[in-house]
Structure formats: C-alpha cells, structure tokens
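Atoms within a ligand are numbered from 1 in the order they appear, just like the ligands themselves.
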Amino acid sequence: MDLSNGIEKILWTEEQILERVSELGSELTRDFKSRAITPVVVGVATGAFMFLADLVRKIQLPMTVDFIRVESYGSGTVSNGKPRISCELKVDVRGKHVILVEDIVDTGNTLSCLIDYMKSKGASSVSVCTLLDKPARRKVHFELVGEGKYYCGFKCPDYFVVGYGFDFDEQYRNLPFVGVLKPEMYEP
Ligand code: PRP
C-alpha cells in the first residue's frame, strides 16, 4: 500500500512549501509586531492543520491559537456553496486581531462566512493567510476587516489538489507535498 499511488504530479514539494511558509511567517511577524494586542491565529479545520502548525512556528510573536471548523465540500470535489460552522471558537476574539489560516481560497464562500462570523464576534481586524488561492474559481467577493491584510502562499491552477492538509474523501492529508490526484481516483 503506497500513499503516493494515486498522485498524478506534484505541484509543490515539501521543501518549496516550507520555504514559502517561512517567508509568510516573517511577513506576519513584521506586520504584527507593532500591534499592542497579541493576534489570535485561527486555523480552519481540517485542511489548514498542517499549514497552521508550520506557520505558527515561523511567527516570532506571542499569540493565541484556536481552530474553527467549517464544512462545505462533503465527500465530493465540487463545493456545494453553503459553508456551515460546525465547531465554534474557544477563544474570545472581541477587540482582537484575527489571522484566519486557510489551506485554500476557492469560491470564497468559506472565507466570506468566516469573516462575517469574526465581525459578529467583535474582532477588531481580520486578516487571512492562505497557503493556496485559486482565483479562477472565485464566486464570492469578501472584504477584510479593519487593518486586515491578505497573505497567500501560492496561486493554484484549477486542479483538485491533495496533500499537506488537502484531502479527497478525508484521505491524502498526510502527504508532505501538494499534488494532483489522478482523475481515475475520483471518477467513477
Ligand atoms: C476547503 C478548504 C477551505 C474551503 C475553500 O474545506 O479547506 O476551507 O474548502 O473553499 P471555498 O473558497 O469554495 O469556500 P473543506 O470543506 O473541503 O473541508 P476540509 O478543510 O475539512 O478539507
């Protein structure tokens, strides 16, 4: 049984990802170090777990870490467009600078829902740090809150990706790279 069997090609290797994550960590450190209040870094479960773990180790600042769970894809490869917060925050974000950590921004539905949620909870700013962005698939426009900034690791071509947190039917998340699944793995 080989985990990489279903992979057609690698888009970003482990080394390329870690190099970019390190750069993002430096940018976030630089941008947030002058703020009086420590940021709340919120990982969007499940997909962002690996990116979050690597990223926070590259942010040289005191911070709070929490997770939120949003579900929109079910077990298929196409978003059903209705994200649902299925596990709420533990930390109180009122008056705080929130950094939402995502694995990917695709249609924008999830982020739009999360930004509205953080606003409703009284966050003073909401930034987004996503590993991948698929601009070709954007359907929903979202606006950051306050002094929020947008950080992106890589622009992603319009493939269904797996690895480094990305799944197909909850599998492949533990691959250390981001790759493209062979179509026969999800086509009937
Ligand atoms: C994926 C991904 C983002 C979201 C992006 O989550 O992790 O949160 O979709 O898509 P959007 O921009 O079209 O809303 P998914 O629902 O697959 O759950 P997962 O994180 O558990 O894999």
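- Atoms of ligand 1 lying under 4.0 Å from at least one heavy atom of Ala45, given by number and element, are 20 (O).
- Of the heavy atoms in Asp167, only side-chain atoms (C-beta onward) come closer than 4.0 Å to ligand 1.
- For the residue pair Tyr172 and Gly6, the shortest heavy atom distance occurs at OH-CA, 4.3 Å.
- Of all atoms in ligand 1, listed by their number and element, those nearer than 4.0 Å to a heavy atom of Arg173 are 19 (P), 21 (O), 22 (O).
- For the side-chain hydrogen bond (donor to acceptor under 3.5 Å, both in side chains) condition, the pairs that include at least one residue of residues 39-55, sequence neighbours left out, are Thr46-Arg69, Asp54-Arg57, Asp54-Tyr164.
- The residue from Arg84, Lys139, Glu102 that puts a heavy atom closest to atom 3 (C) of ligand 1 is Glu102.
- Atom numbering of ligand 1 starts at 1 in the shown order; those under 4.0 Å from a heavy atom of Ile104 are 2 (C), 3 (C), 5 (C).
- Residue Ser112 places every heavy atom at 4.0 Å or more from ligand 1.
- Under a hydrophobic clustering in which Ile, Leu, Val, Met, Phe, Trp and Tyr are joined whenever their side-chain heavy atoms come within less than 4.5 Å, directly or via other members, Leu144 and Leu55 fall into different clusters.
- Between Phe32 and Tyr151, the ring planes are tilted. Angles from 30° to 60° get that label.
- Every atom of ligand 1 is numbered from 1 in the order shown, and the set under 4.0 Å from a heavy atom of Asn109 is 12 (O), 14 (O).
- Nearest heavy atom pair, residue Val140 against residue Arg138, reads O-CD, 3.5 Å.
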For this session: For the pair Lys90 and Asp66, evaluate salt bridge (charged side-chain N to carboxylate O under 4.0 Å, His left out) and give the outcome as yes or no after the intermediate values.
Result: CA-CA 7 Å; Lys90 191 165 84 174; Asp66 201 354; over 6 Å; no
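- The option from Thr107, Asp103, Thr110, Leu114 that lies nearest to atom 4 (C) of ligand 1, judged by heavy atoms, is Thr110.
- Considering only non-hydrogen atoms, atom 19 (P) of ligand 1 lies nearest to Gly47 out of Pro83, Gly43, Gly47.
- No single ILVMFWY cluster, assembled from side-chain heavy atoms under 4.5 Å apart, contains both Leu114 and Val65.
- Atoms of ligand 1 lying under 4.0 Å from at least one heavy atom of Thr46, given by number and element, are 19 (P), 20 (O), 21 (O).
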